[in-house]
Amino acid sequence: MIPGLLGTEALSPGGIAWLSRGLTALVGLFVAILAYRGFKRNDAPKMRSLALGIGLLTTGVFLTVTVANFAWAGTGAILIARGLVTVAGLCAVLVALLYQ
């Protein structure tokens with residue numbers, strides 16, 4: 001079960017934070033899908049890299065943290081995993097902006 005989503009727990013700070021991160025992931029996934037559709041329509045590799053970067057920065061981070069929480073990983077492991085996914089997403093955006 002997803003923590004913080006039962007009854008009044010949804011209004012707890014943890015529940016609100018989880019819902020906020022989930023909404024960010026959904027909006028980020030939508031933007032990444034739009035960028036990927038732009039890549040397919042215009043055959044522009046920059047858009048593919050941009051879609052990957054946005055997807056990693058939003059949905060990728062959310063999924064990484066969620067899986068790590070369910071795997072009972074420690075705080076340090078969660079922060080390292082989140083940091084690695086964030087750096088990978090930023091590198092993809094950088095590639096899109098500078099190199100392709």
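Computed from heavy atoms alone, side chains included, the values below leave out hydrogens, waters and symmetry copies. Because the structure is predicted, anything quoted here is derived from the model rather than measured.
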Take atom CZ in Arg21; do more than 12 heavy atoms of anything else shown fall under 6.0 Å from it?
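Counting other residues, nucleotides and ligands, CZ of Arg21 exceeds 12 neighbours.
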Co-membership, hydrophobic cluster, residues Val95 and Leu98, 4.5 Å side-chain
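Yes: a chain of side-chain contacts under 4.5 Å links Val95 to Leu98.
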Same cluster (ILVMFWY, side-chain, under 4.5 Å), Met47 and Leu97:
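Linked within one cluster.
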Can you give each donor-acceptor pair under 3.5 Å made by side-chain atoms of residues 50-65, sequence neighbours left out, with the distance rounded to 0.1 Å?
| from | atom 1 | to | atom 2 | distance (Å) |
| --- | --- | --- | --- | --- |
| Thr58 | OG1 | Ile54 | O | 2.7 |
| Thr59 | OG1 | Ala25 | O | 2.8 |
| Thr59 | OG1 | Leu29 | N | 3.4 |
| Thr64 | OG1 | Gly60 | O | 2.7 |

Listed once per pair and sorted, the ring-ring contact (aromatic ring centres under 6.0 Å, His included) pairs that draw on residues 33-53, sequence neighbours left out:
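Qualifying pairs, neighbours excluded: Tyr36-Phe39.
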Nearest-0.5 Å distance that lies between atom OG1 in Thr75 and atom CZ in Arg82:
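Reported value, rounded in 0.5 Å steps: 12.5 Å.
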